[in-house]
**Student:** 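Okay, handing you the structure first.
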Amino acid sequence: MNDIYSSCPTYKTELITLRQTNIDDAEELLKCYSDKKAVQLFNSDNCHGDNFYYTTIERMKEAINFWDFSYKHKYFVRWTIIVNETNEKIGTVEMFHRIAEDIYNHVGVLRIDLQSMYETKSIISEILHLADEHFFTNFKVDSIITKAIPIARERISSLIQNSYHPTDFIYDHYYRKTIKQ
């Protein structure tokens with residue numbers, strides 16, 4: 001497999017496609033990032049005060065430009081989530097291989113940002129299926145953690161259904177899946 005940072009793959013299921021986020025996604029992604037009900041479910045831990053609530057196209061473009069910069073510098077990958085049937089861009093997924101001097105060194109961190117109307121078990125399960133199929137290998141990790149606060153019932157249900165378990169992390173409300181090597 002090629003280095004994910006030299007050629008970003010596109011992933012597809014029957015329901016959704018994940019492809020690298022680009023500046024042309026800004027207008028549609030603003031629907032997600034200006035959705036107050038959605039933003040409260042996002043993982044902004046260790047994001048230097050950015051809560052991902054964006055109300056202008058300019059701020060959305062700044063975020064996408066930062067995500068592109070981060071990809072080029074191999075910090076993380078950000079994909080746009082596209083509904084195959086309608087071609088609608090409903091949010092993003094971020095993934096990276098965490099390097100730290102703690103027990104969560106070399107663990108993958110998965111962030112899922114969805115418009116509130118798409119915060120459903122079916123969409124989240126499709127994302128988790130793609131993570132299972134590709135992210136462990138492409139990011140060279142044997143565990144993935146992701147955040148789900150208590151009010152994120154659909155997300156928590158999907159995580160548990162997909163073999164994620166609550167874990168003690170340096171931040172609250174994380175779930176972890178580990179694969180056997």
Side-chain angles (χ1 to χ4, degrees), residues 1-35 38-39 41-48 50-54 56-99 106-120 122-141 143-147 155 158-159 162 177 179:
M1 181 69 198
N2 290 337
D3 175 18
I4 196 154
Y5 292 104
S6 62
S7 177
C8 188
T10 296
Y11 304 117
K12 189 171 189 171
T13 68
E14 188 174 318
L15 186 60
I16 61 168
T17 298
L18 302 182
R19 67 127 175 86
Q20 189 173 14
T21 302
N22 66 60
I23 202 73
D24 294 334
D25 299 338
E27 190 171 316
E28 281 190 81
L29 288 180
L30 186 59
K31 294 175 194 172
C32 175
Y33 289 93
S34 64
D35 179 346
V39 170
L41 304 181
F42 296 172
N43 176 356
S44 60
D45 293 340
N46 204 31
C47 291
H48 311 292
D50 189 348
N51 66 0
F52 299 98
Y53 179 59
Y54 308 143
T56 67
I57 195 69
E58 293 78 16
R59 181 62 187 102
M60 188 73 242
K61 287 180 178 179
E62 286 175 12
I64 293 171
N65 286 331
F66 175 72
W67 298 340
D68 186 54
F69 170 88
S70 296
Y71 176 78
K72 288 175 181 168
H73 288 85
K74 302 182 179 188
Y75 301 143
F76 60 79
V77 180
R78 185 71 74 146
W79 288 273
T80 296
I81 307 163
I82 303 166
V83 176
N84 294 335
E85 188 175 308
T86 62
N87 214 31
E88 185 177 2
K89 298 167 184 130
I90 61 170
T92 68
V93 170
E94 176 183 302
M95 180 71 186
F96 64 92
H97 179 132
R98 184 175 186 273
I99 305 293
H106 300 297
V107 167
V109 178
L110 174 65
R111 290 189 167 117
I112 302 171
D113 299 346
L114 285 166
Q115 281 182 45
S116 58
M117 68 185 288
Y118 292 101
E119 180 76 18
T120 64
S122 59
I123 296 284
I124 296 163
S125 289
E126 292 285 303
I127 293 166
L128 297 175
H129 171 75
L130 288 171
D132 283 355
E133 192 173 337
H134 302 287
F135 292 0
F136 286 99
T137 303
N138 290 350
F139 288 91
K140 299 172 181 64
V141 297
S143 287
I144 292 177
I145 58 173
T146 192
K147 185 168 188 154
R155 189 173 297 218
S158 184
L159 288 166
N162 285 278
K177 182 172 188 172
I179 59 167

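The figures that follow rest on heavy atoms only: side chains count, while hydrogens, waters and symmetry mates do not. This is a predicted model, so every value here is computed, not measured.
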**Student:** Do the two ring centres, one from Phe139 and one from Phe96, sit under 6.0 Å apart?
**Tutor:**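 No, the ring centres sit 6.0 Å or more apart.
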
**Student:** Kindly compute the distance separating CG (Leu130) from NZ (Lys12), expressed to the nearest 0.5 Å.
**Tutor:**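 Answer rounded to 0.5 Å: 11.5 Å.
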
**Student:** Closest heavy-atom contact between Thr146 and Leu110?
**Tutor:**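 Minimum heavy-atom separation between Thr146 and Leu110: OG1-O, 2.7 Å.
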
**Student:** Tell me, do Arg111 and Lys147 make a side-chain contact under 4.5 Å, heavy atoms counted?
**Tutor:**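 Arg111 vs Lys147: side chains apart.
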
**Student:** What I'd like to find out is whether the side chain of Ile144 reaches to under 4.5 Å of the side chain of Val107, using heavy atoms alone.
**Tutor:**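 They are not in side-chain contact.
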
**Student:** Any donor-acceptor pair under 3.5 Å linking the side chain of Thr21 with the backbone of Thr80?
**Tutor:**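 Side chain of Thr21 to backbone of Thr80, a donor-acceptor pair under 3.5 Å: yes, one is there.
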
**Student:** Nearest 0.5 angstrom please: Cys32 SG to Leu114 CG, how far?
**Tutor:**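 CG of Leu114 is found 6.5 Å from SG of Cys32.
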
**Student:** Show the numbers, then the answer: is there a salt bridge (Lys or Arg N to Asp or Glu O under 4.0 Å) between Asp24 and Lys89?
**Tutor:** CA-CA 11 Å; Asp24 294 334; Lys89 298 167 184 130; over 6 Å; no

**Student:** Begin from the C-alpha positions of Phe69 and Asn65 and carry the test side chain to side chain contact (heavy atoms under 4.5 Å, CB included) through to its verdict.
**Tutor:** CA-CA 6 Å; Phe69 170 88; Asn65 286 331; over 6 Å; no

**Student:** Let me confirm one number: the CD1-CD1 distance from Ile123 to Ile90, rounded to the nearest 0.5 Å.
**Tutor:**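 If I round to the nearest 0.5 Å, the distance is 4.0 Å.
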
**Student:** Kindly say whether the aromatic ring centers of Phe66 and Tyr75 come within a distance under 6.0 Å.
**Tutor:**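 Not close enough - the centres of the two rings lie 6.0 Å or further apart.
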
**Student:** Measure the spacing between CG of Asp113 and CG of Leu29 and express it to the nearest 0.5 Å.
**Tutor:**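 If I round to the nearest 0.5 Å, the distance is 9.5 Å.
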
**Student:** Less than 4.5 Å apart, side chain to side chain, heavy atoms only: is that true for Asn87 and Ile82?
**Tutor:**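 In short, these two side chains touch, coming nearer than 4.5 Å.
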
**Student:** Is the backbone of Arg78 close enough, under 3.5 Å, to the side chain of Thr92 for a donor and an acceptor to pair up by distance?
**Tutor:**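 No; zero donor-acceptor contacts below 3.5 Å.
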
**Student:** If I take atom CH2 from residue Trp79 and atom OG1 from residue Thr17, how far apart are they, to the nearest 0.5 angstrom?
**Tutor:**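 Trp79 CH2 to Thr17 OG1: 13.5 Å, rounded to 0.5 Å.
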
**Student:** Take Val77 and Tyr5 through the test side chain to side chain contact (heavy atoms under 4.5 Å, CB included) and record every step on the way to the result.
**Tutor:** CA-CA 8 Å; Val77 180; Tyr5 292 104; 3.6 Å; yes

**Student:** Give the intermediate values and the outcome of side chain to side chain contact (heavy atoms under 4.5 Å, CB included) for residues Lys177 and Asp132.
**Tutor:** CA-CA 9 Å; Lys177 182 172 188 172; Asp132 283 355; 2.6 Å; yes

**Student:** Does atom CD of Glu27 have more than 12 heavy-atom neighbours, drawn from other residues, nucleotides or ligands, at distances under 6.0 Å?
**Tutor:**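 For Glu27, atom CD is not crowded (no more than 12 foreign heavy atoms under 6.0 Å).
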
**Student:** Answer yes or no: is there a side-chain heavy-atom contact under 4.5 Å between Glu119 and Ile124?
**Tutor:**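 Of all side-chain heavy-atom pairs linking Ile124 with Glu119, at least one is under 4.5 Å.
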
**Student:** Taking all non-hydrogen atoms of both residues into account, name the closest pair between Gln20 and Cys8 and its distance.
**Tutor:**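 Reported closest heavy-atom pair: OE1-CB, 3.3 Å.
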
**Student:** Test your reading of the model: is there a side-chain donor-acceptor pair from Asp35 to the backbone of Ser116, 3.5 Å cut-off?
**Tutor:**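 The answer is yes, because a donor-acceptor pair under 3.5 Å joins these two groups.
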
**Student:** Donor-acceptor check, side chain of Ser158 to backbone of Ser125, threshold 3.5 angstrom: yes or no?
**Tutor:**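 Answer holds: yes.
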
**Student:** Is it the case that the ring center of Tyr33 lies less than 6.0 angstrom away from the ring center of Phe42?
**Tutor:**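 Centroid separation for Phe42 and Tyr33: below 6.0 Å.
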
**Student:** Just by distance, do the side chain of Asn84 and the backbone of Glu14 share a donor-acceptor pair under 3.5 Å?
**Tutor:**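 It does hold such a pair.
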
**Student:** To the nearest 0.5 Å, tell me how far Asn22 CG sits from Trp67 CH2.
**Tutor:**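 Atom-to-atom, Asn22:CG and Trp67:CH2 are 11.5 Å apart.
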
**Student:** Go through it in stages, so that I can follow the logic: the residues are Glu58 and Lys61, the test is salt bridge (Lys or Arg N to Asp or Glu O under 4.0 Å), and I'd like the CA-CA distance, side-chain angles, deciding distance and then a yes or no.
**Tutor:** CA-CA 5 Å; Glu58 293 78 16; Lys61 287 180 178 179; over 6 Å; no

**Student:** Would you call Lys72 and Asp68 a salt bridge, using N to O less than 4.0 angstrom?
**Tutor:**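 Asp68 and Lys72: salt-bridged.
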
**Student:** Grab the two heavy atoms, one from Ile4 and one from Pro9, that are nearest each other, plus how far apart they are.
**Tutor:**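 The answer is CG1-CD, 3.7 Å.
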
**Student:** Could you check whether any side-chain heavy atom of Ile16 comes within less than 4.5 Å of a side-chain heavy atom of Tyr118, counting everything from C-beta outward?
**Tutor:**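 No - every pair of side-chain heavy atoms lies 4.5 Å or more apart.
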
**Student:** Would you check if the side chain of Arg98 reaches a backbone N or O of Ile145 as a donor-acceptor pair within less than 3.5 Å?
**Tutor:**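 Pair absent, no side-chain N/O of Arg98 close to backbone of Ile145.
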
**Student:** Are Met95 and Leu18 packed together at the side-chain level, in the sense that at least one heavy-atom pair is separated by less than 4.5 angstrom?
**Tutor:**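 No. Closest side-chain heavy atoms not under 4.5 Å.
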
**Student:** We want to know whether Tyr11 and Asn138 form a side-chain donor-acceptor pair, criterion being a heavy-atom distance below 3.5 angstrom.
**Tutor:**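 Yes.
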
